[in-house]
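Taking it in order: structure first as structure tokens, then the write-up.
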Amino acid sequence: MSVDTLRLVVSSPDRPGIIAAVARFLHERGASIVELDQYTSEPGGGQFYLRTEFTIAPARRAGLAGEFATAIGEPFGMHWRFTDARQVKRIAILASRADHCLVDLLWRWRRGELAADITLVASNHPVLRDTVTGFGVPFHEVPVRHGARDAAEGTLADLLAGQCDLIVLARYMQILSGGFLEKVGVPVINIHHSFLPAFPGAGPYERARQRGVKLIGATAHYVTAALDEGPIIEQDVIRTSHRDTTATLVRLGADVERTVLARAVAWHCADRLLQYDNRVLVF
Ligand SMILES: Nc1nc2c(c(=O)[nH]1)N[C@@H](CN(C=O)c1ccc(C(=O)N[C@@H](CCC(=O)O)C(=O)O)cc1)CN2
């Protein structure tokens, strides 16, 4: 029998019986729960979060969302969304000159390891054009000229409109305005090349070397108007020593950056990330 795989993500004020109510609702419609994870910020109070993935016969899907709203969502004061695992998210990637994070995502996508559709790549430099078109992905150069940032952001926003469900900054080295983020209206994930909150901003590897750190790292986070202060999705580190030059740190860090970004993007595309306050739950 063919089945559809759906995901349900829920947040609500915590109270007893939420999991039972959701499970019963799905069971009554012949659904089979494949995964279910939940978190309560303060047991007995606070916020309740749940993510479940389930299979259901196509014929039983009709009216599911409306029935859930009436039976569960509204009575429990929930925010919720249903997504279909087959409807992959469209990703637009922004990059500048560095290619390691960009190529890593393109390579994983071409191998079928990234359940998403990369619809376009835009860069403020031309250097990555041949690399991107070699993967069969449209490339758009949108230069950011000194004193003309607003114009560049306008061009970029127009290019991205309706083309993506997620924007990934793969070492894109331009700070985006709050107005741009509001205009594009989709989540933006950035890979910062340090273990935040250490070394935000430009040139973290040089500053790490000057500080004599024994670990360097990378941080994938949702982008907000405040540079490198968005909710952290994933991080990782690698050991370094006094023998490592800045060039060595850049090379060592590149492997950490691309694996951290790939995990964050894959989790977002699988609806495994829930934001609350300035934090991210990873289910
Ligand atoms: N609103 C946001 N925009 C961007 C973020 C963010 O968190 N919020 N992350 C950056 C990426 N980034 C670090 O990860 C970063 C990029 C650029 C700079 C910077 O100082 N850029 C200079 C120009 C540098 C250049 O032209 O080479 C600038 O914009 O004046 C710091 C950190 C991406 N955008």
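Note: hydrogens, waters and symmetry copies are ignored here, and every other heavy atom, side chains too, is used. Along the sequence shown, the residues carry numbers beginning at 1.
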*With sequence neighbours left out, write down each residue that passes side chain to side chain donor-acceptor pair (under 3.5 Å) with Ser96, or none if nothing qualifies.*
Asn124

_How close do Ala170 and Ile93 get, counting heavy atoms only, and between which atoms?_
CB-CG2, 3.7 Å

*Can you find a heavy atom in the side chain of Ile238 that is under 4.5 Å from one in the side chain of Ile216?*
yes

_Glu257 side, atom CD; Ser194 side, atom OG - distance, nearest 0.5 Å_ = 9.5 Å

*Is the closest side-chain heavy-atom distance between Val10 and His79 below 4.5 Å?*
no

*Do Asp84 and Arg61 have side-chain heavy atoms sitting under 4.5 Å apart?*
yes

*asked:* Looking at Ser41 and Gly46, would you say the former's side chain and the latter's main chain have a donor-acceptor pair under 3.5 Å?
replied: no

*Evaluate the side chain to side chain contact (heavy atoms under 4.5 Å, CB included) criterion for residues Leu215 and Thr240: first the C-alpha distance (whole Å), next the side-chain angles of each, then the deciding distance (0.1 Å), finally the verdict.*
CA-CA 5 Å; Leu215 293 170; Thr240 63; 5.7 Å; no

Under 3.5 Å donor-acceptor pairs involving side-chain atoms of residues 156-168, not counting sequence neighbours:
unit_1	atom_1	unit_2	atom_2	d
Asp165	OD1	Arg90	NH2	2.9
Asp165	OD2	Arg90	N	2.7
Asp165	OD2	Arg90	NE	3.0

_Has Arg209 got a side-chain atom pairing as donor or acceptor with Asp244's backbone, closer than 3.5 angstrom?_
yes

*Given side chains that start at C-beta, do those of Leu169 and Ile191 come closer than 4.5 Å, heavy atoms only?*
no

*Backbone of Leu128 reached by a side-chain donor or acceptor of Ser123 within 3.5 Å*: no

_4.5 Å side-chain heavy-atom contact, Leu6 and Ile56_ = yes

*asked:* Listing request: all ring-ring contact (aromatic ring centres under 6.0 Å, His included) pairs with a residue in residues 197-222, at least two apart in sequence or in separate chains.
replied: His193-Tyr205, Tyr222-His268

*Please determine if Lys89 and Asp117 form a salt bridge, counting it only when a charged side-chain N lies under 4.0 Å from a carboxylate O.*
no

*Without swapping roles, check the side chain of Arg60 against the backbone of Glu28 for a donor-acceptor pair under 3.5 Å.*
yes

*Salt-bridge criterion met for Glu206 and Arg211 (N-O under 4.0 Å)*: no

*In terms of ring plane angle, is the pair Phe68 and Phe82 parallel, tilted or perpendicular, where the classes change at 30° and 60°?*
perpendicular

*Answer yes or no: does atom CZ of Arg97 have more than 12 heavy-atom neighbours from other residues, nucleotides or ligands under 6.0 Å?*
no

*Partners of Arg29 by side chain to side chain donor-acceptor pair (under 3.5 Å), sequence neighbours excluded?*
Glu67

*Hey, does Ile18 have a side-chain heavy atom less than 4.5 Å from the side chain of Ser12?*
yes

*Separation between CZ of Arg51 and OG1 of Thr83, rounded to the nearest 0.5 Å*: 7.5 Å

*Test the Arg15-Phe76 pair against the cation-pi criterion, namely NZ or CZ under 6.0 angstrom from the six-membered ring centroid and within 45° of the ring axis.*
yes

Name every donor-acceptor pair, under 3.5 Å, that has one atom in a side chain of residues 134-152 and the other anywhere in the protein, sequence neighbours excluded.
unit_1	atom_1	unit_2	atom_2	d
Arg149	NH1	Gln174	OE1	3.3
Arg149	NH1	Ile175	O	3.0

_Neighbour count above 12 (heavy atom, 6.0 Å) for Gln210 CD_ = yes

_Donor-acceptor under 3.5 Å (Thr52 side chain, Glu35 main chain)_ = yes

*Between Glu53 and Thr5, is any side-chain donor less than 3.5 angstrom from a side-chain acceptor?*
no

*Does NE2 in His125 sit with more than 12 non-hydrogen atoms of other residues, nucleotides or ligands closer than 6.0 Å?*
yes

*Check salt bridge (charged side-chain N to carboxylate O under 4.0 Å, His left out) between Arg111 and all other residues, then give those that pass, not counting sequence neighbours.*
Glu113

*asked:* So if I apply the side chain to side chain donor-acceptor pair (under 3.5 Å) rule between Ser177 and each of Glu153, Lys183, Glu182, which one comes out positive?
replied: Glu153

*Provide the closest heavy-atom pair for Asp228 versus Gly201 in the form atom of the first, atom of the second, distance.*
OD2-N, 2.8 Å

